[in-house]
Amino acid sequence: MIDEVRHRALVESGALKMRASALLAEGRAEDRFEAAVLFHEAARAEKRALSATENPSATERLARWGEACGCLISGLDPPQAARAWGEVLNVAASLRPRTATATLNRLREAFLRQNAAFVATLRDAPLLQDEATLVPAEDKVRRQVLKQIDGLLELFPGVAHLWWLRFRNQKQAGDLHGGWESLRKAQLLAPDNPSFAAIALWLAPQVLSRRDAEARLDAAYDQVATASAEVCLFIALGKLKAAAETRRDREALHAALRAASVGLSRSGTYPALRASLYAVQLASEVMLGGGTPNAEVLYRAGVAGDFVGAGLPVTDVLGTIAAVGERSIERLAA
């Protein structure tokens, strides 16, 4: 069974690379992005093949990481290629030089050339080098940030974090539909990123039809048992919001309570995220008891401090929980 999984993953990787290479040759922006998505899928397939190999030798690990690194270079994603290149170097260090030479020589020049180009382009985008200016409040500065992001994406459309940063600036500007498209592209490149998936759940009702947004939320809830803490938070908030809009639908309230509890059970959850999950848990319990959540829920959970410190009211319970949760997720994904 393990050999079969490995074989399927390698066959999938080969097919994806062929399709991606053909698209990349087209040269159009949309084709280059689609090629980047396919190369990223191929890299994940290579990693699955390695995971499905029982006690893989160093030679096998080098082969799989080498292929994954090559896919990420071709997928125009220098940051992820750099991480894979590090794995290649680590495995190569455990082998005789002659054994690793072919793989290292095949990748080194392409990796170093692309990495140098990315660093040079980033140097020409000074606003993206300062954490304080990544998502500015001023329209003029934000337009400059977006211009610099777009300049990088023109050359490196495979960098999911750049699409995420583009989404955050578009959202700040009130361009939710444009932001949704950027977030969708980030998710296509990194479908396993919990921050992208979580924020997409919260944004969906603002850009999709009610039916489509509810379908997304229900589909996510069906997988809540294995969902990340970030996704659990926005499933819980979505269900709690639905309950508030439908006169305390008890099924939705129980769903919110379950999602929050699952999220709280995840080990290593970021403190601010835990506070937001606890706030949803408390609010769900209050509503199930027939009450109306108020600021006490926020104080008990510890999510009101930032708002009070900034002189902001905490009367919108769900909005405050969502804002704190969203902020903590954005920090995690930065």
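All of these numbers come straight from a predicted model, not from anything done at the bench. No hydrogens, no waters, no symmetry mates; every other heavy atom, side chains included, goes into these values.
- In terms of heavy-atom proximity, Ala160 sits nearest to Ala190 at CB-CB, 4.1 Å.
- If you take CG on Leu217 and CG on Asp212, they are separated by 12.5 Å, rounding to the nearest 0.5 Å.
- Grouping the Ile, Leu, Val, Met, Phe, Trp and Tyr side chains by contacts below 4.5 angstrom, directly or via other members, places Val303 with Ile199.
- Rounding to the nearest 0.5 angstrom, the gap separating the CG atom in Leu72 from the CD atom in Gln114 is 9.0 Å.
- Annotation for Arg106: atom CZ counts as buried by contact number, over 12 foreign heavy atoms lying within 6.0 Å.
- Between Asp31 and Leu24 the shortest side-chain heavy-atom distance does not fall below 4.5 Å.
- Leu201 is listed as a side-chain neighbour of Ile235, based on a closest heavy-atom distance under 4.5 Å.
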Original post:
Are Arg32 and Leu23 close enough, and set up right, to give a side chain to side chain contact (heavy atoms under 4.5 Å, CB included), and what steps lead you there?
Top reply: CA-CA 7 Å; Arg32 293 175 75 242; Leu23 281 168; over 6 Å; no
**OP:** Check the pair Asp218, Lys239 against salt bridge (charged side-chain N to carboxylate O under 4.0 Å, His left out), reporting the backbone distance first and the verdict last.
**Re:** CA-CA 9 Å; Asp218 290 341; Lys239 291 294 184 180; 2.8 Å; yes
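- One distance of note links CG of Leu162 with CG of Leu152; it measures 5.5 Å at 0.5 Å rounding.
- Within the 4.5 Å cutoff, side-chain heavy atoms of Leu203 are placed close to those of Phe167.
- Heavy atoms from other residues, nucleotides or ligands lying under 6.0 Å from CD of Gln129 number more than 12.
- Atom CD of Glu109 has 12 or fewer heavy atoms from other residues, nucleotides or ligands within 6.0 Å.
- With a 6.0 Å radius and a threshold of 12 heavy atoms from other residues, nucleotides or ligands, Glu296 has its CD atom at or below the threshold.
- A salt bridge is defined here as a Lys NZ or Arg NE, NH1 or NH2 lying under 4.0 Å from an Asp or Glu carboxylate O, and Glu46 with Lys17 meets this definition.
- Side-chain atoms of Leu208 and Trp180, non-hydrogen and from C-beta on, do get closer than 4.5 Å to each other.
- Between Leu165 and Val135, some side-chain heavy-atom pair lies under the 4.5 Å cut-off.
- Counting only heavy atoms from C-beta outward, the side chains of Glu87 and Cys69 never approach each other to under 4.5 Å.
- Here Trp163 pairs with Phe33 under the ring pair (Phe, Tyr, Trp, His ring centres under 6.0 Å) rule; sequence neighbours left out.
- Judged by a 6.0 Å distance limit and a 45° cone about the ring axis, Arg184 is not positioned over the six-membered ring of Phe196.
- Salt bridge Glu214/Arg210: present, at least one basic N to carboxylate O contact under 4.0 Å.
- Residues Arg211 and Arg216 fail the side-chain proximity criterion, which asks for heavy atoms closer than 4.5 Å.
- Here ring pair (Phe, Tyr, Trp, His ring centres under 6.0 Å) pairs that include residues 38-85, with residues two or more places apart or in two chains, are Trp85-Phe111.
- Taking the side chain as every heavy atom from C-beta outward, Pro191 and Arg44 approach each other to under 4.5 Å.
- With respect to the salt-bridge test (charged N to carboxylate O, under 4.0 angstrom), the residues Glu34 and Arg28 do not qualify.
- In summary, the side chains of Ser13 and Glu67 do not present any donor paired with an acceptor at a separation below 3.5 Å, with no hydrogens or angles considered.
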**OP:** Starting from the C-alpha separation in whole Å, work towards a yes-or-no answer on side chain to side chain contact (heavy atoms under 4.5 Å, CB included) for Val224 and Arg258.
**Re:** CA-CA 9 Å; Val224 71; Arg258 182 190 173 206; 3.5 Å; yes
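- Both Tyr221 and Val280 are members of a single hydrophobic cluster when ILVMFWY side chains are connected at heavy-atom separations under 4.5 Å.
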Subject >> Stepwise side chain to side chain contact (heavy atoms under 4.5 Å, CB included) check, Gln170 with Ser182 >> reply: CA-CA 9 Å; Gln170 289 170 303; Ser182 295; 2.6 Å; yes
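- The hydrophobic clustering, which links ILVMFWY residues whose side-chain heavy atoms are closer than 4.5 Å, places Val11 and Met18 apart.
- Going from atom NZ of Lys47 over to atom SG of Cys71 covers 9.5 Å, rounded to the nearest 0.5 Å.
- To the nearest 0.5 Å, atom CG of residue Leu233 and atom CG of residue Leu237 are 4.5 Å apart.
- In summary, Glu12 and Arg48 engage in a salt bridge, as defined by a charged side-chain N under 4.0 Å from a carboxylate O.
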**OP:** Apply side chain to side chain contact (heavy atoms under 4.5 Å, CB included) to Thr292 and Val286, showing your working.
**Re:** CA-CA 6 Å; Thr292 299; Val286 168; 5.7 Å; no
Subject >> Trace of the salt bridge (charged side-chain N to carboxylate O under 4.0 Å, His left out) decision for Glu60 with Arg6 >> reply: CA-CA 12 Å; Glu60 174 66 10; Arg6 177 182 180 277; 2.8 Å; yes
Donor-acceptor pairs under 3.5 Å, side chain of residues 142-150 to any protein atom, not counting sequence neighbours: which ones?
unit_1, atom_1, unit_2, atom_2, d
Arg142, NH1, Pro136, O, 3.0
Arg142, NH1, Ala137, O, 3.1
Arg142, NH2, Asp139, OD1, 2.2
Gln148, OE1, Leu127, N, 3.1
Asp150, OD1, Arg166, NE, 2.7

